[in-house]
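Since we're looking at a predicted model, the values are computed, not measured. For the numbers below, each heavy atom of this structure counts, side chains included, while hydrogens, waters and symmetry mates do not. Naming: A, B, ... by sequence-line order, numbering from 1 per chain.
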2 protein chains.
Amino acid sequence: MAFGLVGWSTALYFSSDYNLVSGSEAIMAGGRPRSFDSDTALDRALEVFWRQGYEGTGISDLTKAMGINNAPSLYNAFGNKEQLFSKVLDRYADGPARYIREAFDQPTARAAVETLLHGAADATTDPDRPRGCITVQGALACSPGTEAVREELAARRAAGETALRERLRRARSDGELPAGTDPEGLARYFATIYQGIAVQAAGGASRQQLHGIVDTAMTVWPQRADA
Amino acid sequence: MAFGLVGWSTALYFSSDYNLVSGSEAIMAGGRPRSFDSDTALDRALEVFWRQGYEGTGISDLTKAMGINNAPSLYNAFGNKEQLFSKVLDRYADGPARYIREAFDQPTARAAVETLLHGAADATTDPDRPRGCITVQGALACSPGTEAVREELAARRAAGETALRERLRRARSDGELPAGTDPEGLARYFATIYQGIAVQAAGGASRQQLHGIVDTAMTVWPQRADA
DNA sequence: ATAGTTTTTTAGCACACGATAAAAAACACC
DNA sequence: GGTGTTTTTTATCGTGTGCTAAAAAACTAT
């Protein structure tokens with residue numbers, strides 16, 4: 001009874017979009033095969049959204065870049081423009097922005113922040129990719145009909161800031177940071193640096209210049225009294 | 001002869017757009033009077049562009065907000081969308097962003113930077129205006145057809161950074177900053193803070209939080225050895 | 001071969017975009 | 001009151017937007 005209900009409701013949920021690409025490639029039971037690879041298509045879509053922003057990107061820009069001939073194939077595979085953008089953001093986090101999560105693997109908070117910011121300097125000036133950061137320039141300001149996208153990007157930025165704050169909190173507990181340190185304020189400061197670097201990169205600043213900014217920014221790091 | 005030629009060519013130049021609003025109100029010789037005030041109309045246009053960005057703003061959004069009934073009146077008064085945006089940016093610099101130029105009136109470079117950044121914290125969170133900074137969020141990323149606007153904004157940001165660099169250079173000459181100070185790098189750092197603050201404000205950070213960021217950012221200020 | 005499933009293709013929807021030609025309206029000057 | 005000038009109004013233009021219904025095509029399983 002319970003199993004039946006659960007199974008039924010689950011099937012009902014998936015039936016609305018089980019042919020959509022979610023994580024890795026979906027298992028297909030028969031039917032005409034896709035003429036394109038979903039992951040590389042997402043990479044192409046990422047590049048366009050990254051360069052042109054959400055509102056600056058048209059469906060035709062996407063299909064052209066993704067190697068999809070017609071709009072219906074795109075809608076069939078990825079849902080509407082907004083859903084596609086979300087999938088693109090996930091792929092961004094797992095691809096070009098993977099360095100962010102990896103920075104938190106550093107043994108000390110200071111090394112984590114340094115790795116994060118120098119990684120940003122590199123990632124936002126990668127010659128093989130668009131300048132800047134899609135999370136910042138994807139939709140900083142937009143028309144009322146795109147508010148949801150703007151808010152999703154703001155939420156993703158906030159999530160990064162939260163992770164940073166928690167890492168700094170832990171560093172204070174561990175004694176890496178002085179007891180008087182304000183983790184919230186410090187995390188906000190480094191998030192501001194991060195986002196400022198994204199704007200600088202979008203404006204044409206060189207990789208070397210951005211690394212210099214990071215070096216300057218790191219000088220605010222609180223020193224322990226006994227150091 | 002010379003006067004005639006000059007007068008003629010001047011008239012020719014102005015004849016293409018002498019009815020456009022440039023700085024203050026144009027002197028009109030006869031003709032049907034404007035049904036709207038150009039400066040307040042520009043203020044309304046500024047608000048829309050500020051909130052929605054260049055590409056997120058439609059002509060109909062503008063006419064509605066500016067109190068202009070029909071598109072031709074807008075085109076007649078301000079030229080096309082791109083020209084209107086330029087005039088709006090000028091009005092922004094003389095209005096809500098006036099604090100930027102005024103910050104340079106401070107007696108010391110340090111006071112100038114402090115005034116500039118705390119001014120940014122206030123201006124980007126003014127409850128009576130859109131969040132953030134139009135120079136940053138107006139067109140960070142855009143479609144290929146809007147590249148000129150993106151570049152104009154980048155140029156305006158670069159101009160601010162240049163002014164800051166020159167002020168810091170002077171401070172080094174004056175002895176306010178140590179001889180070993182790098183004015184370019186320091187100016188880039190503070191410009192990054194400024195732009196990061198704009199992103200933070202667009203994302204919903206409070207005024208108080210932004211002032212805290214500024215206080216943290218100012219701790220990098222180089223100390224003289226004899227201080 | 002047939003049936004079932006999925007994708008692609010074809011064609012087009014309703015609407016919004018930036019921008020403009022032509023005419024009507026409202027003023028100044030004489 | 002007429003003339004000249006400028007703005008507003010009316011009615012679009014051509015193009016692009018995000019999106020979709022319906023049919024054809026390409027596969028799997030039987």
- [ ] Applying ring pair (Phe, Tyr, Trp, His ring centres under 6.0 Å) between B/Tyr92 and each of B/Trp50, B/Phe85, B/Tyr99, report the one that passes.
- [x] B/Trp50
According to a strict under-4.0 Å criterion, is [X] in side-chain N/O contact with OP1 or OP2 of [N]?
| X | N | value |
| --- | --- | --- |
| A/Ser73 | C/dT8 | yes |
| A/Ser60 | D/dG16 | no |
| B/Asn70 | D/dT8 | no |
| A/Asn69 | C/dT8 | no |
| B/Ser35 | D/dT7 | no |

TODO: Give a yes or no on whether a salt bridge exists between A/Glu47 and A/Arg44, defined as a side-chain N under 4.0 angstrom from a carboxylate O.
DONE: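 Answer for the salt bridge query: no.
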Open item on the list: Strictly below 4.0 Å, N to O, side chains only: are A/Arg129 and A/Asp43 in salt-bridge contact?
Closed with: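 Looking at A/Arg129 and A/Asp43, the cut-off is not met.
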- [ ] Select base, sugar-phosphate, or nothing to describe what A/Thr57 touches, counting heavy atoms under 4.0 Å on all strands.
- [x] sugar-phosphate
TODO: Classify the nucleic acid contact of A/Thr63 as base, sugar-phosphate or nothing, counting any heavy atom under 4.0 Å across all strands shown.
DONE: nothing
Interatomic distance where [atom1] belongs to [X] and [atom2] belongs to [N] [whole Å]:
| X | N | atom1 | atom2 | result |
| --- | --- | --- | --- | --- |
| B/Asn76 | C/dA21 | CG | P | 13 Å |
| A/Glu55 | C/dC17 | CD | P | 11 Å |
| A/Lys64 | D/dG16 | NZ | C1' | 11 Å |
| A/Arg34 | D/dC27 | CZ | P | 15 Å |
| B/Phe85 | C/dC17 | CZ | C1' | 18 Å |
| B/Leu74 | C/dT20 | CG | P | 12 Å |

Tell me whether [X] contacts the main-chain N or O of [Y] through its side chain, where contact means a donor paired with an acceptor under 3.5 Å.
| X | Y | result |
| --- | --- | --- |
| A/Gln83 | A/Asn80 | yes |
| B/Lys81 | B/Glu55 | no |
| B/Arg157 | B/Ala191 | no |

Task: Protein-to-nucleotide contact annotation, 5' to 3' order, nucleotides 19-25 of chain D [B base; S sugar-phosphate only; - none; under 4.0 Å, heavy atom] - done: BBB---B
Output a table of donor-acceptor pairs, distance under 3.5 Å, between side-chain atoms of residues 67-75 of chain A and any protein atom two or more places apart or on a different chain; print 'none' if there are none.
none

